[in-house]
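Quick note on labels: first sequence line is chain A, next is B, and so on, each numbered from 1.
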Number of protein chains: 2
Amino acid sequence: MRIGELAKRTNTPHRLLRYYEEQGLILAERGPNGYRRYNENDVDRVIQIRGLLDAGLPTRIIKQILPCLNKPRNIFFKDATPEMLATLRFERDRMTERIRCLTKNRDAIGEYLSTVEKCRAPEPTS
Amino acid sequence: MRIGELAKRTNTPHRLLRYYEEQGLILAERGPNGYRRYNENDVDRVIQIRGLLDAGLPTRIIKQILPCLNKPRNIFFKDATPEMLATLRFERDRMTERIRCLTKNRDAIGEYLSTVEKCRAPEPTS
DNA sequence: CTTGACTCTCACATCGGTGTGAGGGTTGAG
DNA sequence: CTCAACCCTCACACCGATGTGAGAGTCAAG
């Protein structure tokens, strides 16, 4: 598929797809006319990228962790340098901390909401 | 305490504490000399703010949800407008989505790491 | 052939969070 | 008194993610 379709299916502006490519997060083949060609996998990949960006990870880190993820477990074992592994552990722990923080605050919001609802319920609106 | 101590205890540059104040996330009393005075609660509050920022929430949203959180459940029930409640639900769901994404990717990193470790273990380094 | 929808590259703009420094007041220890 | 270590405000700079638009090529439908 071409960039327009990918943009629609991932709900992502063209501009950002090109940006992600520039940052090395996705790579697109080119048709003879110079147009980018994407495949089905790219849809999930872009969605994943956007999710991680939204969760506060910078492209630099996403680029490092993406190759180690959701792959048919074949590659990426030779070039796993100690520094790389350390980075991965560090980011994994950082993500755990983010999850902890988000969960705590989300639950607090939920609790607040249900409290409010309880206060409102006995008093019918009309 | 003054800004320096808060900065040290929250591991946050002065600049940002002033920025958070400017954005309405914290509010500091002022001593007669104009110096900001903080209390113990502000330590946790700043840490919480930083956690949320790191998890991708903008100050604008943090400002909205903070008053509904970790409070002695007393206030903030009259001014809970329907729009406000809708915002809260929306952000809560967004946070849930972030948690889902982070968890999935963190676990994938963990899996990768343990796979690598398993490959390395049987082969002593020396 | 023409037109409109799509694509390309390039470049400048914006926005939020953060860094940095200038210029100046306050305060406590020596 | 003086000096160091704080604090203040203000303002400009940076960086990463994103918006926007100009200028030009491609291509299918009419």
Side-chain angles (χ1 to χ4, degrees), chain A residues 1-39 42-43 45-66 87 91 94 97-98 101-102, chain B residues 1-39 42-43 45-66 87 91 94 97-98 101-102:
Chain A
M1 85 195 74
R2 290 181 305 183
I3 201 171
E5 187 181 344
L6 184 61
K8 242 169 240 154
R9 291 178 59 184
T10 60
N11 200 29
T12 305
H14 304 174
R15 174 68 174 91
L16 290 186
L17 295 176
R18 302 201 181 98
Y19 176 65
Y20 300 154
E21 179 179 347
E22 185 184 306
Q23 300 302 308
L25 302 186
I26 48 182
L27 69 153
E29 309 159 28
R30 296 302 183 110
N33 48 10
Y35 288 10
R36 291 172 178 80
R37 308 309 299 274
Y38 301 95
N39 54 49
D42 290 322
V43 176
R45 189 171 176 96
V46 168
I47 290 173
Q48 189 180 17
I49 289 170
R50 304 218 88 201
L52 290 171
L53 276 173
D54 183 61
L57 281 79
T59 53
R60 203 191 104 252
I61 298 300
I62 297 176
K63 178 177 177 174
Q64 289 193 288
I65 69 178
L66 266 191
T87 300
E91 292 301 328
R94 226 162 117 68
E97 182 49 31
R98 283 193 181 96
C101 175
L102 284 170
Chain B
M1 84 196 75
R2 290 181 305 183
I3 202 174
E5 188 182 344
L6 183 60
K8 242 169 238 155
R9 290 178 58 184
T10 61
N11 200 28
T12 305
H14 305 175
R15 174 70 175 90
L16 291 186
L17 295 176
R18 302 202 181 98
Y19 177 65
Y20 300 154
E21 180 179 344
E22 185 184 307
Q23 300 302 307
L25 303 186
I26 47 182
L27 70 153
E29 310 160 26
R30 296 303 182 108
N33 47 12
Y35 288 10
R36 291 171 178 82
R37 308 309 299 274
Y38 302 94
N39 54 48
D42 291 322
V43 176
R45 189 172 176 97
V46 168
I47 290 173
Q48 189 182 16
I49 290 169
R50 305 217 86 202
L52 289 171
L53 277 173
D54 183 60
L57 281 79
T59 53
R60 203 191 104 251
I61 298 299
I62 297 176
K63 177 178 177 175
Q64 290 192 289
I65 69 178
L66 267 191
T87 301
E91 291 301 328
R94 225 162 120 66
E97 182 51 30
R98 282 192 183 97
C101 175
L102 283 171

Undergrad: What's the OH-P distance between A:Tyr20 and D:dG16, to the nearest Å?
TA: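 Distance check: A:Tyr20 OH to D:dG16 P gives 15 Å.
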
Undergrad: Could you report the tightest heavy-atom contact between A:Tyr20 and A:Thr12, atom names first, then the distance?
TA: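 Closest approach of A:Tyr20 to A:Thr12, heavy atoms only: CE1-CG2, 4.3 Å.
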
Undergrad: Closest nucleotide of DNA chain D for A:Arg50 versus for A:Arg2: which of these residues is on the 5' side?
TA: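 Nearest nucleotide further toward 5': that of A:Arg50.
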
Undergrad: Of the nucleotides D:dG19, C:dG19, D:dG16, which one has an atom closest to the side chain of A:Pro13?
TA: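 Looking only at heavy atoms from C-beta outward on A:Pro13, the closest nucleotide is D:dG19.
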
Undergrad: B:Leu17 has an atom CG; how far is it from atom P of C:dG19, in whole Å?
TA: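 These atoms are roughly 11 Å apart.
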
Undergrad: Distance check needed: D:dA5 P versus B:Ile3 CD1, whole Å only.
TA: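 From B:Ile3 CD1 to D:dA5 P: 19 Å.
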
Undergrad: Could you pull out the closest heavy-atom pair between A:Arg50 and A:Asn11, with the gap in Å?
TA: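 Heavy atoms only, the tightest pair is NH1-O, 3.4 Å.
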
Undergrad: Where is the tightest heavy-atom contact between B:Leu66 and B:Gln48, given as atom of each residue plus distance?
TA: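 Looking at all heavy atoms of both residues, the shortest contact is CD2-OE1, 3.6 Å.
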
Undergrad: Rounded to whole Å, please give me the gap between CZ in B:Arg60 and P in C:dG16.
TA: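 Between P of C:dG16 and CZ of B:Arg60: 10 Å.
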
Undergrad: Hey, does B:Arg2 have a side-chain heavy atom less than 4.5 Å from the side chain of B:Arg37?
TA: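 The answer is yes, as the side chains (C-beta and beyond) meet within the 4.5 Å cut-off.
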
Undergrad: Looking only at heavy atoms, what is the nearest atom pair of A:Leu52 and A:Ile62, with distance?
TA: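 Looking at all heavy atoms of both residues, the closest pair is CB-CD1, 3.7 Å.
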
Undergrad: Can you check the B:Ile49 CD1 to C:dG17 P distance for me, whole Å?
TA: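 It works out to 11 Å between those atoms.
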
Undergrad: Starting at CD of A:Glu21 and ending at C1' of C:dT9, how long is that distance when rounded to a whole Å?
TA: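 From A:Glu21 CD to C:dT9 C1': 12 Å.
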
Undergrad: Please work out which residues in residues 25-38 of chain A have a non-hydrogen atom less than 4.0 Å from an atom of DNA chain C and list them by number.
TA: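 A:Arg30, A:Gly34, A:Tyr35, A:Arg36, in order of number.
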
Undergrad: In whole angstrom, what separates B:His14's NE2 from C:dT18's P?
TA: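 Nearest whole value for this atom pair: 15 Å.
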
Undergrad: Which nucleotide wins on minimum distance to the side chain of A:Arg15, given the candidates C:dT7, C:dT18, D:dT20?
TA: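 For A:Arg15, the side-chain atoms sit closest to D:dT20.
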
Undergrad: Quick check against the 3.5 Å criterion: does B:Arg45 have a side-chain atom that pairs as donor or acceptor with the backbone of B:Leu25?
TA: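 Side chain of B:Arg45 to backbone of B:Leu25, a donor-acceptor pair under 3.5 Å: yes, one is there.
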
Undergrad: Main chain of A:Glu29, side chain of A:Arg36: is a donor-acceptor contact present, judged purely on distance under 3.5 Å?
TA: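 Not a single qualifying donor-acceptor pair exists.
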
Undergrad: With a cut-off of less than 4.0 Å, is there a side-chain N or O of A:Tyr19 near OP1 or OP2 of D:dT18?
TA: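 Checking D:dT18 against A:Tyr19, no side-chain N or O comes under 4.0 Å of OP1 or OP2.
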
Undergrad: Is there a side-chain contact between B:Asp42 and B:Thr10 (heavy atoms, below 4.5 Å)?
TA: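 The answer is no, as the side chains (C-beta and beyond) never meet within the 4.5 Å cut-off.
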
Undergrad: Between C:dG16 atom P and B:Leu57 atom CG, what is the distance in whole Å?
TA: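 B:Leu57 atom CG is separated from C:dG16 atom P by 15 Å.
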
Undergrad: Apply salt bridge (Lys or Arg N to Asp or Glu O under 4.0 Å) to A:Glu21 and A:Arg30, showing your working.
TA: CA-CA 12 Å; A:Glu21 179 179 347; A:Arg30 296 302 183 110; 3.5 Å; yes

Undergrad: If an axis is fit to five pairs at each end of the helix from C:dC1-D:dG30 to C:dG30-D:dC1, what is the angle between the two, to the nearest 10°?
TA: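 Roughly 0°, once rounded to the nearest ten degrees.
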
Undergrad: Side-chain N or O of B:Thr59 versus OP1/OP2 of C:dG17: is the shortest distance under 4.0 Å?
TA: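 Indeed, a polar side-chain atom of B:Thr59 lies that close.
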
Undergrad: The side chain of A:Arg18 is closest to which nucleotide in this list: C:dC6, D:dC7, C:dC8?
TA: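 Within the option list, the nearest is C:dC8.
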
